[in-house]
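Worksheet for the structure shown next.
Counting convention: from 1, in listed order, for ligands and their atoms alike.
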Amino acid sequence: MRTVICGSKSEIGKLAGKILCDYVKANPKAVLGFATGASPIPAYDSIVEEYKKGGVSFKEVVTFNLDEYSGLAREHKNSYYSFMQENLFSKIDVRPENINFLNGSAENWASECERYSKAIRDAGGIDIQILGIGHNGHIGFNEPGETFSGDAYRVKLTDSTIAANSVYFEDSLMPRYALTMGTKQIMECRHIILIATGEGKAEAVRAMINGKVTPMCPASVLQNHDNVDVFLDEDAAGLTDLG
Ligand code: GLP
């Protein structure tokens, strides 16, 4: 893992956004993996800024998002689809037909997950995947468990994840299940950019970087990936052995 400790969230956003934009400039047909949550928003802001300057076009890229709540329609204001529209997709020239999402409304979760896993394979895999990390070390919605997961699947969310994400559900009940890309699929992405900020992430970041590789901290599996950039602020890096 290459780790960079930055002075501010906006500095992280600029660095992470630049990696992604530079890649798309050189590879206009890139396959990009996106994540939701507060952590990647400054990176999305910097991507939008570069797009508005005319520096990059997303017309030919294909996108896949990591996860979606199970039981929420994509039109719901708290769906991850809505999040991506609001924070990135509506502000750049990505083609709607090139945007791929797990369908949270699918009644047959297993076949929906199979469809999504196949779509990622058919696209040739993901070139760059943006990731955040949960307080318990989850990536995507891969919660701590006894084994690392494989392809996309439906997961029961833990109490800590429900507590962290419930703040976004003011007037509706947060779903208790989600569909997510599996750990194996995340490991198959050719380049991973993980962003973590704030003291609340410090223990998860320590376990990811300095702990042993264990499914009890799903992000620790990234120690076995040879192309990961981790962007941290000082608070998130506070419990690691990084200078
Ligand atoms: C959710 C998402 C994750 C994200 C995590 C952290 O659980 N499924 O993909 O990494 O939240 O979010 P935040 O960046 O808001 O702390």
Side-chain angles (χ1 to χ4, degrees), residues 6 8-10 12-13 16-17 32-46 63-72 74 76 78-84 86-88 100-104 113 116 126 128-145 148-149 152-170 174-183 185-187 189 192-209 217-222 228-233 235-238:
C6 297
S8 67
K9 291 179 186 176
S10 75
I12 293 176
L32 303 176
F34 287 112
T36 53
S39 311
I41 289 180
Y44 297 162
D45 291 343
S46 105
T63 76
F64 288 90
N65 257 76
L66 272 176
D67 47 15
E68 181 57 283
Y69 291 112
S70 181
L72 272 199
R74 71 189 332 209
H76 192 284
N78 290 121
S79 74
Y80 281 168
Y81 178 84
S82 297
F83 175 98
M84 289 306 300
E86 188 183 329
N87 290 291
L88 184 65
N100 292 282
F101 252 88
L102 280 152
N103 176 6
C113 290
Y116 200 65
I126 293 172
I128 300 191
Q129 175 67 53
I130 305 284
L131 276 187
I133 183 171
H135 293 91
N136 59 5
H138 74 231
I139 44 177
F141 266 133
N142 292 283
E143 299 282 32
F148 287 115
S149 53
Y153 67 112
R154 185 176 188 251
V155 63
K156 184 171 178 9
L157 301 175
T158 61
D159 291 345
S160 107
T161 299
I162 291 167
N165 290 300
S166 286
V167 292
Y168 298 110
F169 288 80
E170 293 143 0
M174 187 189 140
R176 271 32 186 172
Y177 289 85
L179 306 181
T180 184
M181 272 167 56
T183 313
Q185 285 174 308
I186 293 173
M187 289 296 281
C189 300
I192 291 172
I193 299 174
L194 186 142
I195 298 170
T197 52
E199 210 181 338
K201 298 290 172 67
E203 175 48 32
V205 167
R206 185 206 61 73
M208 168 178 73
I209 295 176
C217 174
S220 65
V221 76
L222 299 174
V228 181
D229 284 297
V230 178
F231 290 101
L232 306 171
D233 65 2
D235 289 339

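Partners of Asn87 according to the side chain to side chain donor-acceptor pair (under 3.5 Å) rule, which considers only residues two or more places apart in sequence or in another chain, do not exist here. Every ring-ring contact (aromatic ring centres under 6.0 Å, His included) that Tyr69 has, sequence neighbours left out, goes to Tyr80, Phe141, Phe169.
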Using a 3.5 Å cut-off on N/O to N/O, what pairs does ligand 1 make with the protein? A line per pair would be great.
residue  : atom   : partner : partner atom : Å
ligand 1 : 7 (O)  : His138  : NE2          : 2.8
ligand 1 : 7 (O)  : Asn165  : ND2          : 3.4
ligand 1 : 8 (N)  : Asp67   : OD2          : 2.8
ligand 1 : 8 (N)  : Gly140  : O            : 3.2
ligand 1 : 10 (O) : Ile133  : N            : 3.4
ligand 1 : 14 (O) : Ala38   : N            : 3.3
ligand 1 : 14 (O) : Ser39   : N            : 2.9
ligand 1 : 14 (O) : Ser39   : OG           : 2.5
ligand 1 : 15 (O) : Ala38   : N            : 2.7
ligand 1 : 16 (O) : Lys201  : NZ           : 2.5

Which atom pairs, donor and acceptor, lie under 3.5 Å between side-chain atoms of residues 34-44 and protein residues at least two apart or in another chain?
residue : atom : partner : partner atom : Å
Tyr44   : OH   : Ala35   : N            : 3.0
Tyr44   : OH   : Ala35   : O            : 2.6

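We find the CG-CG distance between Leu102 and Asp67 to be 8.0 Å, quoted to the nearest 0.5 Å.
Tyr153 and Asn142 share a side-chain donor-acceptor pair at under 3.5 Å.
Formation of a donor-acceptor pair under 3.5 Å by the Asp229 side chain with backbone atoms of Ala16 is not found in this model.
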